[in-house]
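Written out below as structure tokens is the structure these notes cover.
For the numbers below, each heavy atom of this structure counts, side chains included, while hydrogens, waters and symmetry mates do not. Along the sequence shown, residues carry numbers from 1.
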Amino acid sequence: PPPSKPPPSPPPSPPPPSCKTLTSSEGPTKFDATTLAKLKLSIETGYPNGYTVDRLVACASVIYPGGLENLRLMVRHVGAETTVTRDLVLRGGSGADTITDGCWADDAADAFPAIAPPGLPLTGTWVPDKPLASFAEAGVGAPGSAEELVLIAKGFDDASVGSLEAFSLKVCYRPGAPPKPHLARVECPTTDGTPPRVCLYRSDRPPRMPCCTTCETGSCPAAAAPVV
């Protein structure tokens, strides 16, 4: 008899969902003018290689009787080489004392309000002071990585005690691996009339200091530069 046909190949695994939300198990935590509140969040999404972080959305809930105009709310990542901090609230939202499920995303349409309706909790999605994409550049959410973000609250009113209630992060992906690191070069202008100095840096390790102070040691600011 003719040989039997091999069994059909199993269907390919479905792609992972485009986004995953991670929520801190900590909180609520009290804070005042001398004591910070912190909520830690482990970022390990389990996504396979071949995906790149495309969007981050940080969300938080906080109560501060001293008023949001006396509050600093920030997210921090401490990596092996760099520390990235992004303010979510820095003395804004005057008139309100509560944020309920407030979120921050680089592509949001509105800035955090400087003045808010009194007596009502603020909720919505706002633009952070600086891009949250910096966390992704530092490796947060990358497939196979295990990083940690910390939500930190600080009050500026001596008579008030606040409560940091909740912290979560939505990590969204797009297919495709991130570009491979490459060497880039930047011309560092001088002020003494001599020709510009040329420095090299790795594209995945942008230097921390301004070019004018560290160029001679080979460190220049991340900038549009040709690949060498």
Side-chain angles (χ1 to χ4, degrees), residues 10-29 37-63 68 73-90 92-93 98-113 121-153 164-181 203-206 222:
S13 301
S18 58
C19 299
K20 184 172 185 177
T21 299
L22 305 169
T23 302
S24 173
S25 61
E26 300 180 347
T29 303
K38 299 180 180 181
L39 298 182
K40 296 180 180 179
L41 176 59
S42 177
I43 310 297
E44 190 171 0
T45 64
Y47 269 66
N49 292 329
Y51 286 85
T52 300
V53 177
D54 189 50
R55 183 173 184 254
L56 296 175
V57 183
C59 299
S61 295
V62 61
I63 302 170
L68 300 183
L73 188 65
M74 63 193 116
V75 178
R76 178 169 295 164
H77 169 260
V78 179
E81 298 184 2
T82 60
T83 296
V84 179
T85 301
R86 291 292 177 261
D87 283 321
L88 305 181
V89 179
L90 182 56
T98 301
I99 298 172
T100 301
D101 297 328
C103 295
W104 288 261
D106 294 345
D107 57 356
D110 301 313
F112 190 78
L122 278 177
T123 187
T125 301
W126 307 288
V127 181
D129 72 320
K130 294 180 181 178
L132 299 181
S134 298
F135 291 124
E137 294 169 1
V140 173
S145 67
E147 302 290 338
E148 183 180 83
L149 291 182
V150 183
L151 180 69
I152 304 171
L164 194 54
E165 299 283 296
F167 177 36
S168 66
L169 184 77
K170 178 189 284 187
V171 187
C172 297
Y173 294 85
R174 56 178 170 81
K180 294 182 179 180
S203 61
D204 61 333
R205 295 179 181 176

| request: Start with the C-alpha distance between Glu148 and Ser42, add both sets of side-chain angles, then the distance that settles side chain to side chain contact (heavy atoms under 4.5 Å, CB included), and finish with yes or no. | output: CA-CA 5 Å; Glu148 183 180 83; Ser42 177; 5.6 Å; no
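- Two residues are said to be in side-chain contact when any heavy atoms from C-beta on lie closer than 4.5 Å; Pro28 and Glu165 meet this criterion.
- At a threshold of 4.5 Å between non-hydrogen side-chain atoms, the residues Phe167 and Val75 count as touching.
- For the residue pair Glu147 / His77, a side-chain donor-acceptor distance below 3.5 Å is found, with atom types taken as modelled.
- In this structure, Leu169 and Leu41 have side chains that are in contact, with non-hydrogen atoms separated by less than 4.5 Å.
- Thr85 meets the side-chain hydrogen bond (donor to acceptor under 3.5 Å, both in side chains) test with Arg76; sequence neighbours excluded.
- Leu164 contributes atom CG, which lies 10.0 Å from atom CD1 of Ile63 (distance to the nearest 0.5 angstrom).
- With sequence neighbours excluded, no residue forms a side-chain hydrogen bond (donor to acceptor under 3.5 Å, both in side chains) with Thr98.
- The two residues Leu122 and Gly93 make their nearest non-hydrogen contact at CD1-CA, 4.3 Å.
- The structure places CD of Glu44 at 7.5 Å from OG of Ser145, a figure rounded to the nearest 0.5 Å.
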Which donor-acceptor pairs under 3.5 Å do the side chains of residues 103-113 make with protein atoms, sequence neighbours left out?
from   : atom 1 : to     : atom 2 : distance (Å)
Trp104 : NE1    : Leu88  : O      : 3.1
Asp106 : OD1    : Leu132 : N      : 2.7
Asp106 : OD2    : Leu132 : N      : 3.2
Asp106 : OD2    : Ala133 : N      : 3.0
Asp107 : OD1    : Arg55  : NE     : 3.1
Asp107 : OD1    : Arg55  : NH2    : 3.2
Asp107 : OD2    : Arg55  : NE     : 2.8

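- Annotation for Val53 and Ala136: closest pair CG1-CB, 3.8 Å, computed over non-hydrogen atoms.
- Ring planes of Tyr173 and Tyr51: perpendicular class, angle over 60° (limits at 30 and 60°).
- Thr23 places no side-chain N or O within 3.5 Å of a backbone atom of Ser168 that could act as its donor or acceptor partner.
- In this structure, the side chain of Asp54 does not engage the main chain of Cys172 through any donor-acceptor pair within 3.5 Å.
- Listed for the Glu26 side chain is a donor-acceptor partner under 3.5 Å among the backbone atoms of Lys40.
- A distance-only check finds a donor-acceptor pair linking the side chain of Ser61 to the backbone of Asp101 [under 3.5 Å].
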| said: Using the rule given for side chain to side chain contact (heavy atoms under 4.5 Å, CB included), can you reason through Ile43 versus Leu22, listing the C-alpha separation, both sets of side-chain angles and the distance that settles it, and then say yes or no? | reply: CA-CA 7 Å; Ile43 310 297; Leu22 305 169; 3.9 Å; yes
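- Listed here is the closest heavy atom pair of Thr29 and Lys38: OG1-O, 4.1 Å.
- Contact of the Thr45 side chain with the Lys20 side chain is registered, since non-hydrogen atoms from C-beta on lie closer than 4.5 Å.
- Taking all atoms of both residues into account, the shortest heavy-atom contact from Ser24 to Leu39 is OG-CB, 4.1 Å.
- Taking SG from Cys59 and CG from Leu151, the interatomic distance works out to 10.5 Å, rounded to the nearest 0.5 Å.
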